[in-house]
Every structure is written in structure tokens, then in C-alpha cells.
Amino acid sequence: MKEIADRCDIKKNLTTHLARHTFATTVTLTNGVPIETVGKMLGHKNLRTTQHYAKIIDSKVEEDMAILKEKLANNSL
């Protein structure tokens, strides 16, 4: 990880924990992968463990609300 950071001129200390957290949030959850699936990918036996990694990004919440709004609008016709 340190070599990658050096080559990319990243000043932040890259760790496996950071990589797992980034994977859980930006790669999977933001793209709609269910948290249960993310937990399996990370090898967690308990969903609570995954929830510690997985903070939901505001943009994902906004996207999900827009989808819900559209579904509700279509059902009211």
C-alpha cells in the first residue's frame, strides 16, 4: 500500500483498513450493493461489523430518495 501511495504521490497513510472501508463505501454501497452482500464480501459473520465500515454517503441517500419519489409518483396515477 505504501508503494502505491508513493507512486501516486498520495500523502495519506494507506492501510488495509482504509482500503476495506473505501471498498465497502465507494465501490459497493454507492453502487447499490446490499449491505448484507458487502458483509459477505468482507468476510463478516455479523452485519454489525459491516455497519462499522459502511457509512452511507449522502449522494446515495439522495439517489435512493429520487427513485422512491418516482415510484410513488407513478403509482398514484
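Computed from heavy atoms alone, side chains included, the values below leave out hydrogens, waters and symmetry copies.
A5 meets the side-chain contact (heavy atoms from CB on, under 4.5 Å) test with I10, L14; sequence neighbours excluded. Every residue was checked against the salt bridge (charged side-chain N to carboxylate O under 4.0 Å, His left out) condition with E62, not counting sequence neighbours, and none meets it. Scored by the side-chain contact (heavy atoms from CB on, under 4.5 Å) test, K2 finds D6 as partners (sequence neighbours excluded). A search for side-chain hydrogen bond (donor to acceptor under 3.5 Å, both in side chains) contacts involving K69 returns nothing, not counting sequence neighbours. Not counting sequence neighbours, the partners of K11 by the salt bridge (charged side-chain N to carboxylate O under 4.0 Å, His left out) test are D9. Remark: E70 engages no residue in a side-chain hydrogen bond (donor to acceptor under 3.5 Å, both in side chains) (not counting sequence neighbours).
Here the closest heavy-atom approach between residue T30 and residue E63 is recorded as O-OE1, 4.4 Å.
Applying the side-chain hydrogen bond (donor to acceptor under 3.5 Å, both in side chains) test to every pair with at least one member in residues 32-48, sequence neighbours left out, gives these pairs: R20-H44, H44-T50.
A donor-acceptor distance shorter than 3.5 angstrom exists from the side chain of T28 to the backbone of F23, with no hydrogens or angles considered.
Rounded to the nearest 0.5 angstrom, N31 CG and T25 OG1 are separated by 10.5 Å.
Considering only heavy atoms from C-beta on, L18 stays 4.5 Å or farther from M1 through its side chain.
By the criterion of side-chain heavy atoms lying less than 4.5 angstrom apart, applied directly or through intervening Ile, Leu, Val, Met, Phe, Trp or Tyr residues, V61 is not grouped with I67; the two fall into different hydrophobic clusters.
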